[in-house]
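Letters go in sequence order (proteins before strands), and every chain restarts at 1.
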Amino acid sequence: MSRVGLRLLSAIPTLFGVVVVTFLLTRVLPGDPAVFFASNPAMSAADIAAVRETLGLDQPLYQQFLIYLGNLAQGDLGRSIATGQPVAAEFARRLPASAELTCLAFLLAVSVAVPLGLAAALRPGSLVDHAVRLIVTLGVSMPTFVTGLLMIYVFYVLAGVVPEPIGRLDPFLFEPARVTGFLTIDALLAGDRQILAAALHQMLLPAATMALFALAPLTRMTRAAMIATLGSEFIRTARAAGLSRGRIVVVYALRNALLPVVTTMGMVFSYMLGANVLVERVFSWPGIGAFAIDSIVNLDYAPLQGFMLIMAALFIAVNLVVDIVSAIIDPRVGH
Amino acid sequence: MTHPVHPVRQGGLRRALRGNPLNLFALALFALLCFAAAFGPLLVPHDPLATDAAAALQPPSARHWFGTDQIGRDLFSRVVVATRLDLLIALGAVSLSLVAGSALGAIIGYWGGVLDTVVSRLVDVLMAFPLFVLAMALVAALGNSVINVVYATAIVNLPFYIRLARSEVRPRRALGYVEAARAGGSGDWRILLRHLIPNIAAPLVIQASVNLGWAVLNAAALSFLGLGVRPPTPEWGIMVAEGARFIASGEWWIVTFPGLALMLAVLAFNLLGDALRDLLDPRLRR
Amino acid sequence: MTPLLSIRALSVEFDTSHGTVHALDRLSFDIAPGEILGIIGESGSGKSVTAYAVMGILDRAARITGGEILFRGENLLAMAPRARDAWRGRGAAMVFQNPRTALNPIRTVGDQIADVVARHSGLSRRAVRARVQELLRHVRIPDPERRALAYPFQLSGGLCQRVGIAMALACAPRLLIADEPTTGLDVTTQAAIMELIRERARDSGTAVALITHDLALAAETCDRLVIMHAGHVVEAAPTAAILSRPRHPYTAGLLRSVPSLAGSIAQLQAVPGSLPDLRRADLPPCRFAERCPRRLPRCDAPGPLALEEIAPGHLAACRNLP
Amino acid sequence: MTALLQARNLSCHFRLRRETLFGRPPLLHAVDGVDLTIHAGEALGLVGESGCGKSTLARLLARLLDPTGGQLFLHGAEISRESVSRFARSDRRRAIQMVFQDPTESLNPLLTVFQSIADPGGRLLGPLSRTALRQRVEEAAAAVNLPLEFLDRYPHQLSGGQKARVGIARALVVEPQLLVLDEPTSALDVSVQATVLQLLDRLRRDRGIALLFVSHDLNVVRLLCQRIAVMYLGEIVETGAAADIYRAPAHPYTRALLSAIPSLRPRGAGRIRLDGEPQSPVNPCATRCRFAGRCFMEQPLCTQVAPELRALPGGRQVRCHYAG
């Protein structure tokens, strides 16, 4: 338990670095936000100065940073210029949409990639192996936004098997009572199967797009790790001791191969957080990625800052989980 | 059986090509890309910027092989001409991060100490951001221009090269030939330049070749979102973004052809990276 | 007496990206029940390949191109895969070099031994656990209750090798193959491990094949020695006979190169040359010919080189014996 | 006879990662208070088990590692003040050269044999014409019986024994007074080992090069060396003439070591079995013999007072309360 604590502590400097980088990045954004905020021709220079003062932009940089830190400690991420709403509230509203999509895509990718990688590793050089290689190579070469658009064309325009790729739910359906913000879970809680089906249906295409992107690294790592483990000396020992093939593959090889796969899962999850931005744009998904894009276009720095912070914090949290899972799998970790 | 120690052996290239037909395909694809980048603008049938309202949104035909876009520009010409820009951005970004990252990583890996701690911490911070998100923010912060896309792509990739170079140099510090060089009167810089960096070149070059594909994708994705390259410059990401508005109404070609070009370019780099890995990394050779 | 294990004209090849390696060429030797046999050779001579072929754990790239391996008269190579699986561990078991990497790093050593016991015995869980304790005590691991719960990385190399021996002996095999079991261990640990193997084999009547490059180690332990060179058996005889009167020029050369036999540094003598490249298509019938001080034209004459009995129990493969 | 190289109270402690947030990082005592003298033209064997610190001591003596304590004198002049990389550029660097354990890892795979051998020559011999350097390299190659056509080859084209000889030639090219050899034959087959041993012996006899031969193999050391130093857990536990130690080892550890080596000759007494696990070299107890817990001669005093090196007749020294 103290190891987990120590690991948590070690994330603090990184987190602080993230805050500094985020702060600096958005402060060098071109264009004076105050000018933008006050982009009313009727406003005078004095009005703009007043806005600057309320935003704290007239202070020296380090003081701005201290103020920023203070606000951050109170959970205040600033106010969006474009919407006029507190950034924290905006994100709280949008985060579940992104999280739900990413989690479904991740589950989809893992449940396809790991068996695929295993199948390839157990028969290297076989037809399955070659097929997997092809999929993997094509997979990493597919630009998410192109795949997404082509999938829309094929499954919505041509085949008509998925709903129109706009938003999380058909506009004629009522959202279930908001509990977690995850439509699927909320629908389940409300006992509304129709909404659940509709939400899943709507999510299918964007989730598949993201999963396709994550498939390649996961499959590749599962295959490589499994082949490496199967070729290691302790597998030879187990074979020489006459253990059955099933036991060798599952208890001896798979558990050992899982370690690098879990690490890759963490990386893939972080990639997916980034890819989210593109997928949300393509599918008009009302998540935090789409919001971030808008704020960049509008030079709206507070939401961008918030977005970067949330992303980095999520990533650090995912890594923490990866480390803990690794320590559970492998007794050597942390020694 | 012991593996061959020396990374590149005679006939290795030929064997790599013969052993895997995909490698030949990748090489051909790469040659095609280079050709399009070098001579594309001279050879294309139409001016990539010329609009023709009468010929807007035409499907592929004998006159317009890839069809036309919403203002009647010839997509084939635009796709071919875009090659140069897309490849240059990727090449520029990757060379920058390869050179700077390897040098920095090798230095901190060799000396360790406070510098190592500081740089490693910074690397941790940079890597805490999802790559694409960081690239987005950097372009936004540095200013919306092509050269800033190159810098942003280079910066987000820097940590990988630093980490790789560092982890390759570290175990080699205690290797016999490094200590022998020290016993033979070589100073630290000479050991680094003559003995360590040449010996860690292979994994770094492999990393770079795989990274090229990613850099092409990254640049296109940024311009897809409206960052970096601006319309009406022919660029694959922008063309996909422009076509996105017409996909729901069935005009598939505007997205498909630039998307395909992008995919083939990335595929070529990824396959070449794999081939290079087979060729240079004796550990993976059977 | 019929031999326990009889290898008859065994040939093994494997493919590499640089050509086919002719690792073993018509290899033949026997192991008698209860005997301790030393298999001696330089690196690349095919000692480990022989062991893997007997155990049936060769790499994918390797293939057996001829010969048979008889275990109590039954050809192992013709055995059904399932029967072969069940034979491993009970018919023959193996101890490997690098004891640390030869054990599963993320499974406790007690569980690893228990896996083997459970696989071949059908005992209850409680009985398996008791048997594991018994085995750990048997190989003189101090504090076995606690050590059974340890992971390999928490044990010293010597203790790991004791675990490896406990695993191999778990089902009282008829034959124990020990492949360089003490390489990388300290001399004092090496002595203890060798003593353990010797003792346990004598106790249970298990035959031992000790694979090693260390002639002194083998001579001290083994009843009989088989000398291998480049995939051939060049000489096989009782230890005393080999030491007092080596007949094959390679054996003689090997004896002259061992430091512990030499009185002074001047008496040391290296075997000239090195192993031939086993990927060559034109390997001579005698693979030692190119290093041999006694080479004659007839040594290069075509036709296989025979391993002949030149004295009772003393075999050698040479066309120009002294 | 003046000492060629003399170590006085030489120590090397490595700082390990701290286990708690505010605790002091644990210290690994790799080499602890070693006094050792190497005379010109002699071969000294340094023997011990893996992990006893003999490789670290070899690197300290070869000035490839900075000691954390103690001094090192070359012909009476202290050389342990300046850092390793400074010393590398000084004119005394060429006096001590080193040959490494793994012949493959000790050669840069991207350099030809000629380049590898020429490298120290070009650095340490002052300005040298190309032909002069070439001549030096060829002489060094000849000294290790390396045919000249090998000079243009790459390491992967050589056998293990040939690589080992290249490593020795590289050390010889600057005409050192002391060669430090860290298990130079442990990666070689026995049949090849003999050549290397004889080559080293010839270099010592013909050129008067002193050898510090690090090995775990007492049989090899006995043949090559006139004097032996036995190391255990960072300390020298016994030194003396090779013949004496081999005939009648004094320290219980040396006795166990000698009795454990397999030998083709008939053995007099039975084998000494060492029970118990060795102590940890991390933060060792200062008031306790480091061999205690494994020793068959152990007395209560051994866990109360750590023994010092003391002299025995015949120039021998032993670190034991009860030996001799």
Side-chain angles (χ1 to χ4, degrees), chain B residues 1-12 15 102 106-107 109-117 120 168-205 279-283 285, chain D residues 55 58-59 62-65 83-111 115-126 153-160 163-164 166-167 170-171 173-174 176 179-180 182 184 187:
Chain B
M1 275 283 104
T2 51
H3 281 297
V5 184
H6 194 255
V8 187
R9 293 184 134 210
Q10 281 179 344
R15 203 173 33 248
S102 315
I107 286 171
Y110 184 76
W111 272 286
V114 183
L115 186 69
D116 179 27
T117 315
S120 296
E168 291 284 336
V169 161
R170 271 209 146 219
R172 286 186 169 81
R173 288 188 307 177
L175 235 45
Y177 65 80
V178 173
E179 295 216 75
R182 200 170 289 130
S186 292
D188 292 325
W189 284 106
R190 189 180 146 84
I191 288 175
L192 208 54
L193 289 175
R194 181 172 161 91
H195 294 287
L196 287 173
I197 290 186
N199 273 298
I200 64 163
L204 285 163
V205 168
L279 195 66
L280 294 182
D281 193 343
R283 278 167 301 185
R285 208 186 291 152
Chain D
S55 284
R59 276 168 178 71
R63 283 305 280 127
L64 290 172
L65 191 66
S83 74
V84 163
S85 49
R86 262 186 169 298
F87 184 73
R89 281 164 302 196
S90 81
D91 53 350
R92 281 164 305 180
R93 175 68 271 181
R94 54 182 287 206
I96 313 169
Q97 288 296 309
M98 185 151 173
V99 176
F100 299 89
Q101 182 168 14
D102 186 327
T104 301
E105 285 189 349
S106 72
L107 296 180
N108 185 339
L110 302 178
L111 300 187
Q115 288 170 318
S116 277
I117 300 179
D119 191 49
R123 308 294 301 167
L124 295 176
L125 292 176
R153 298 197 184 165
Y154 284 94
H156 71 93
Q157 296 166 312
L158 307 182
S159 72
K163 281 185 250 190
V166 174
R170 174 178 56 193
V173 81
V174 294
L179 265 190
V180 177
D182 185 11

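Evaluation of the salt bridge (Lys or Arg N to Asp or Glu O under 4.0 Å) test over residues 171-181 of chain B, restricted to residues two or more places apart or in two chains, returns E168(B)-R172(B), E179(B)-R59(D).
Using non-hydrogen atoms only and a strict 4.5 Å limit, the part of residues 116-124 of chain D facing chain B consists of D119(D), P120(D), R123(D), L124(D).
To the nearest 0.5 angstrom, W111(B) atom CH2 is 8.5 Å from S85(D) atom OG. Taking CG from D188(B) and CZ from R89(D), the interatomic distance works out to 7.0 Å, rounded to the nearest 0.5 Å.
Remark: E105(D) pairs with no residue by the side chain to side chain donor-acceptor pair (under 3.5 Å) rule, at least two apart or across chains. Annotation: side chain to side chain donor-acceptor pair (under 3.5 Å) contacts of S159(D) (sequence neighbours excluded): Q162(D).
The minimum heavy-atom distance linking L64(D) with A183(B) is given by the pair CD2-N, 3.6 Å. Shown here for A88(D) and S186(B), the closest heavy-atom pair between the two residues is CB-O, 3.9 Å.
Around the CZ atom of R153(D), the shell of radius 6.0 Å holds more than 12 heavy atoms that belong to other residues, nucleotides or ligands.
Y177(B) pairs with exactly one of T104(D), L111(D), N108(D) by the side-chain contact (heavy atoms from CB on, under 4.5 Å) rule, that one being N108(D).
With a 4.5 angstrom heavy-atom cutoff, L107(D) touches chain B only via backbone atoms.
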